[in-house]
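For reference, the structure is listed below as structure tokens.
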2 protein chains.
Amino acid sequence: MRDVAALAGVSLKTVSRVVNREPNVSAPIVAKVTRAVERLNYRHNVGASNLRSRRTGVIGALLQDVSNSFSAGLLRALEDVARQRRHVVLTASLDEEVERERQLVGDLVGRRVDGLILMPATRDHSYLAPDLRAGLRVVFVDREPHGIVTDSVLVDNVTGAFDATRHLLGQGHRRILHLGDLDTIETAHQRQLGYEAALRAAGMRLDPDLVVTGQRTSEMGEEALLRVFDSPSPPTAVFASRNTVAIGAARALRRLGLSHQIALVGFDDFPLADLLEPGLTVVRQDVGLIGRMAADILYARIDGDTSPAERHLVPPKLVLRGSGEIPPRA
Amino acid sequence: MRDVAALAGVSLKTVSRVVNREPNVSAPIVAKVTRAVERLNYRHNVGASNLRSRRTGVIGALLQDVSNSFSAGLLRALEDVARQRRHVVLTASLDEEVERERQLVGDLVGRRVDGLILMPATRDHSYLAPDLRAGLRVVFVDREPHGIVTDSVLVDNVTGAFDATRHLLGQGHRRILHLGDLDTIETAHQRQLGYEAALRAAGMRLDPDLVVTGQRTSEMGEEALLRVFDSPSPPTAVFASRNTVAIGAARALRRLGLSHQIALVGFDDFPLADLLEPGLTVVRQDVGLIGRMAADILYARIDGDTSPAERHLVPPKLVLRGSGEIPPRA
DNA sequence: CGTGGTAATGACACCGTTGTCTTGACAGAT
DNA sequence: ATCTGTCAAGACAACGGTGTCATTACCACG
């Protein structure tokens, strides 16, 4: 910048003004500086600028796994909102690891991100309190904040699971397998609750043999289903509480040749779910909407909105495609 | 930091040493400083640190669309390599937009990323030359650099498309539709070349009616296929040169009730391709490997490797799942 | 006991910008 | 002709750290 100033014959501050497109610089000087910038291939040092001006134009996004369509879709929505402000997104995957969350939050705070979108792996977020007091803006996504008060955008998991289960019950199913994720994961727990509530509402009792939790990957889901079906009285329907697990379940049913005999409903839509045979009935969460809401709320805070933190619930939607409409076997 | 130093009764520099875990600080002082850091909720300002030390611990990744499984998988692989160094990844989606590439590259360079992974939207990259001379490290992914010399990790698209087409020819197909992406996109062009080469190798001539380019989304692919099949002598096989387009093609065949009559091979694997009915035969590119290679090369450069830039070709692999093994109708 | 080497700490300038304040010039009002 | 206000430009001191070098203390060695 010093060189640019020298070449253009102006002061440092004037170059700064031109680079930042500030008003009140005469046209000939703007031209001279611009020319000097180009001649010297000057690249404005955003980091130094941030140091002085106290904002970075970066938002952080800590998601579970950017290669999963849910996180990836969310990230994309965040990015689109950020881009309108010429902001940029710093992402990382947490993989449900508690330590990694702590470390990455620390890293991003150290980098002075203007705001943070967090899909937490932990269930106690009080460690964020000092940073919140210091002005950090955080919006939780998909999972509730615990031990602190901050904005959140959540899917109504209980209702979604309730609807899915009720839908299966409505077809006459009485033995419905629930393939759940780790019960320590809040959303998984809520889906479990929704499943149970639907059974109760239908006057049924929970059969513990029909609940298998701790399923994370499609491989695990596949094996779990195969195990359960290797029994004298297998279920007639399956509710898989996660996209990867639903995929595993579909794969298992396929291997068993039961795709058209056993009903299957998944939580969380994904590309191609409609192309399976039969099409996979799912509870869909609108990722694009969730991401946009979270980003909008974050930017409202950055812009100075100091209203009380809110909990925004996005309703999920049951999408019927065939697999969930298979009646129980006679 | 000043406060921490005061509370611990040491100099600024000593706090800096402790925070950065530098050697040659006595244990009691480390303890004192650490305690002061915690008492004051001190957060090290990474930006200020970068300013002096001239590296940021950030790598940039400009991909086409982080919500597409290809870009998302790549991003995830990059992130995993970066994390081992406690580095962080700044991402953005280019959506094949030339202007956005320019702008985002400028932004990331301004932010002084330590290195850049670029899946370019443009076909002339000479605009990067000044930055390269100034020390910027860039590794191209999926598409070749033009007008500059730098490392790249590419998929052998010509061979992949050649193999796919030859596979279909081997089943006896003679009328093979090629649904291609925008021909201006390098990879799409190469796949077109591979398709043509396979036809030539089989002693056949290219039928221009059987080549439809410019297909980007699954919707476009679906419609294009429907149009082509609405003719007196439709093709007996389809080669879709992109994952989204293959999905659209599969959807269209499904609508036409031809899923089991018309052969289909896609380029680019994606989750669930095996679960379609029939399973989708694809040319698979190993995204994880590509991402890891690109990141490893980038870090080798960052670590001072000054050997000549290399062009790394990753061979794609034909994965047979059924849809590509359907013989032509009698 | 003097010498040289190493470990632990601190002083200070500098990294590349921008916020704040000052100055000078000029236009319009009186 | 004087006063006031606005615009253009610059001087200077931060922003929050770290690289470099200097200093001191201590130890081993011949």
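Since the structure is predicted, the reported quantities are computational estimates derived from the model, not experimental observations. Letters A, B, ... mirror the listed sequences (proteins, then strands); counts begin at 1.
Heavy atoms of B:Val15 sit nowhere under 4.0 angstrom from any nucleic acid atom. Across all strands, A:Ile29 comes closer than 4.0 Å only to sugar-phosphate atoms, never to a base (heavy-atom distances).
Interatomic distance, A:Leu40 CG to A:Arg2 CZ, rounded to the nearest 0.5 Å: 13.0 Å. If you take CG on B:Asp142 and CG on B:Asn157, they are separated by 6.5 Å, rounding to the nearest 0.5 Å. In this structure, CG on B:Leu51 lies 12.0 Å from OG1 on B:Thr56, to the nearest 0.5 angstrom. Summarising the geometry, atom CG belonging to A:Leu154 is positioned 10.5 Å from atom CD belonging to A:Gln285; distances are rounded to the nearest 0.5 Å.
Using a 30° and 60° split on the angle between ring planes, B:His146 and B:His125 fall in the parallel class, below 30°.
Terminal axes of the helix from C:dC1-D:dG30 to C:dT30-D:dA1 (five pairs each, C1' rotation axis) are separated by 40°, to the nearest 10°.
Summarising the geometry, the separation between CG on B:Leu12 and P on D:dT18 is reported as 10 Å, rounded to the nearest angstrom. As rounded to whole Å, 15 Å separates atom P of D:dA13 from atom NZ of A:Lys13. Here the C1' atom of nucleotide D:dG19 and the CG atom of B:Asn24 are 15 Å apart, to the nearest Å. Atom CG of B:Asp3 and atom C1' of D:dG17 are 14 Å apart (whole Å).
At a threshold of 4.5 Å between non-hydrogen side-chain atoms, the residues A:Arg137 and A:Leu298 count as touching. A:His87 has its side chain within reach of A:Asp114: a pair of non-hydrogen atoms, C-beta onward, lies under 4.5 Å apart.
A heavy atom lying under 4.0 Å from DNA chain D marks the following residues of residues 37-55 of chain B, by number: B:Tyr42, B:Arg43, B:His44, B:Asn45, B:Ala48, B:Ser49, B:Leu51, B:Arg52, B:Ser53.
At least one side-chain nitrogen or oxygen of A:Thr14 sits closer than 4.0 Å to the OP1 or OP2 atom of D:dG10.
A salt bridge does not link B:Arg292 to B:Asp296: none of the charged side-chain nitrogens sits closer than 4.0 Å to a carboxylate oxygen. Residues B:Asp95 and A:Arg76 are paired through a salt bridge, judged by an N-O separation under 4.0 Å between the basic side chain and the carboxylate. Comment: A:Asp303 engages A:Arg85 in a salt bridge, judged by a side-chain N to carboxylate O separation of less than 4.0 angstrom.
The one candidate from A:Arg242, A:Arg216, A:Arg123 that meets the salt bridge (Lys or Arg N to Asp or Glu O under 4.0 Å) condition with A:Glu96 is A:Arg216.
Contacts between chain B and DNA chain C, taken as any atom within less than 4.0 angstrom of a protein heavy atom, begin and end at C:dA8 to C:dG16.
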